[in-house]
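Below you'll find the structure, written out as structure tokens, and then a few comments.
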Protein chains: 2
Amino acid sequence: MTKTKKRISQSQIAKELGVSQSLVSLVLNGRRENVSDESYNRIWTLADEKGYIPRGMQPNLAPDVRSSYVGVILRTGLRLANLSNTFSHVHQGLFTVLQQSHISTTFLGGEGDLDEKMLYELLRRRDPLLGIVVYGEVKEPFLRALGALGVEVLSVYANMPGLCHSVLPNEKQSLEQLVDHLTKLGHTRFAFLGGNAKLGRNHARLSALRESLAARNLSLDERNVLNVSNGDRQEGFDCAAELVQRTAGREAPTAWVCYNGLMARGALQFALLRGIRIPQDISLVTIDRTRACEEIHPYMTSAGSDPQVIGEEAAKLLCRSGGGARSVDKIYTDLVVPSTFDAGETSGPCSA
Amino acid sequence: MTKTKKRISQSQIAKELGVSQSLVSLVLNGRRENVSDESYNRIWTLADEKGYIPRGMQPNLAPDVRSSYVGVILRTGLRLANLSNTFSHVHQGLFTVLQQSHISTTFLGGEGDLDEKMLYELLRRRDPLLGIVVYGEVKEPFLRALGALGVEVLSVYANMPGLCHSVLPNEKQSLEQLVDHLTKLGHTRFAFLGGNAKLGRNHARLSALRESLAARNLSLDERNVLNVSNGDRQEGFDCAAELVQRTAGREAPTAWVCYNGLMARGALQFALLRGIRIPQDISLVTIDRTRACEEIHPYMTSAGSDPQVIGEEAAKLLCRSGGGARSVDKIYTDLVVPSTFDAGETSGPCSA
DNA sequence: TCCGTCAACTAATAATTATTATCTTATTAT
DNA sequence: ATAATAAGATAATAATTATTAGTTGACGGA
């Protein structure tokens, strides 16, 4: 380890630039009146380069590490303005818990926005970075690059064993709850309106649905399995339309399981337009726990892990691991948040 | 204005706690050896309470904005998870522009979450705080407290003359565009489905509607003016229901102007359920430019200032003013973003 | 040219903080 | 019981920063 350089003083900066210490003091305290822009910038620049640190207190050494922050990164495809559904709740939960520890939450960008140079810059920031939370599924090399920064990385709604911590919803349990509810109501013919087809999550939900049905000696007619790409309202609508068209002239499914609340809303709207009565003709349920479930009547029957809780757990996990510990054989935690079931107004006894 | 409290010194902290200044110095520089935990914590706590700030440099006044960040605060009533509509777009715009300058965006909390102590903490962070953006209407004392920090404050979707910069939508123009469109289609009887009744924004939109109508020698029947508190989907639905009930048995309005896109969606849903055909029976328009307008068919006829542009302008304004300059007679900018009109599928010729 | 003005800066010094040698007290080893 | 040691603190003072009353010199107008 190199010998610790002695802390630089204002006088040294002054001498080096050929100005008075007074001027340096004025400038570093933000005085602009009667100070030339040139001096102002030269002084700040040198102070920066030399790593000048103010006297009197080092805030990052406070007993509870204040002023540290947690970075948030979104998977490709998500944008802040679209964050509406699941991840806005996650974000809320994350923020709430971190705020209690006076840790702030900084949005760093999308998976695609951040190149290596920008990641490196993160480390140059002076406030300590407690960790990075990744929302959704990102590519493995990206996650590795994050890990290489030596920062705690936590993935939410996706897991990457051995690369980072993760906090996950319990899809298996959600589907089990929904299938249990629906089969008890007499439903046997199911449909799956899937979204985000390219992501593992869609696949996980579909598999869980199949398993839960299989456990009851039911099977999912492959013709009733649909997949769209975004999982928004319009696609939910289109998906429902497609489903109805496909099942014309054969025994139609009576229980529609939607990938998420938004799609369910879209499907609901289609049903409303077509005069399909819910829940009399069709029961419609969704894997979701966001406000989309209750935003307007009818409240939807749904099951899922509360995204806010997922955010809260992510925050707790980061606080616990408390930065540092960048050993090679790090142990990573995978946390699975239990699912809760909520009987709404969109499911009822099977009439077919 | 109250006299600025003088900066507190280590000696004052020492005196108040009955210890030596030396000890305070040691502790605030992070010395733990041979210092009791009790002293360590007591000193940090008091330093915190009194808002002790180190000498030598105020990093947030640096000209160079490399590792600086912008804080975001939400008005009371908004939460991250509800941010869905307007402000998520604002946030997106803000972020996009700031990211280009490598400035990060940090969510600081809600108006209610932040007490004076926490605000002080912001100043002690080592990364320079370029400015604070406030989303929505907050109370004046709160804004003053922010200003007192000596940080650039910018209010979005609300203005507070002489206290901070602001970036605002052009409500007058939006309503003018909508009224122009509707009157050209032959509509003369208008209704206003208002939300966020307690906020000035609702009032501003209603007034603008009245003015635009007055300019055409039309008036707004007071019985057709409704106001609800949140402005969400359910309230839009309820509002439409109330309107229809109120106008039973008299000449009903043919043009519904909704406070925002979410309410419009709710109203649309009500219309759908009731068999009111849109746009054949009723034209429904909204003051909005969020994705709620196009999330699903029918796309809505709407006018408004693009919230993303508002966020972008806010970011540019902050970058331009570039921290610093805390003179007393600061000049504040009020920026008004023009409104754009979008003819959708929810408006048509008046049939009544 | 002379004078006033003002931006830009500094010298001098007041105020504050850092550092170190030293003190006190409790604990432990002998 | 006594000496050695160490934790926890301080007094004194060295080092650094803040502030104020100047100084300098450029510029503009009479």
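In the text below, chain A, chain B and the rest are named by the order of the sequence lines, each starting its count at 1.
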So which nucleotide does C:dT30 pair with, by the Watson-Crick or G-U wobble rule with both distances under 3.5 Å?
D:dA1
Given the options B:Leu98, B:Val97, B:Leu318, B:Leu94, B:Ile103 meets side-chain contact (heavy atoms from CB on, under 4.5 Å) only with B:Leu98
Which residues satisfy the salt bridge (charged side-chain N to carboxylate O under 4.0 Å, His left out) test with B:Glu312, sequence neighbours excluded?
none
Can you measure from CG (B:Leu335) to OG (B:Ser305) and round to the nearest 0.5 angstrom?
11.0 Å
Using a cut-off of strictly less than 4.0 Å, decide whether B:Asn29 has a side-chain nitrogen or oxygen near OP1 or OP2 of C:dA18.
yes
What are the two closest non-hydrogen atoms of B:Val156 and B:Phe87, and how far apart are they?
CG1-CE2, 4.1 Å
Going by heavy atoms in the side chains, are B:Leu168 and B:Arg201 under 4.5 Å from each other?
yes
Return the value, rounded to whole Å, for the distance between atom CD1 of B:Ile43 and atom P of D:dA9.
8 Å
With sequence neighbours excluded, tell me which residues meet side chain to side chain donor-acceptor pair (under 3.5 Å) with B:Arg289.
B:Ser302, B:Asp342
How does protein reach along nucleotides 7-14 of chain C, written 5' to 3' as B (base within reach of a heavy atom under 4.0 Å), S (only sugar-phosphate), or - (no contact)?
SBSBBB--
Under 4.0 Å between any heavy atoms, over every strand shown, what does B:Ser9 touch: base, sugar-phosphate, or nothing? Just pick one.
sugar-phosphate
To the nearest angstrom, how far is A:Gln10 atom CD from C:dA18 atom P?
12 Å
Take atom CD of B:Glu38 and atom C1' of D:dA7, then tell me their distance rounded to the nearest Å.
14 Å
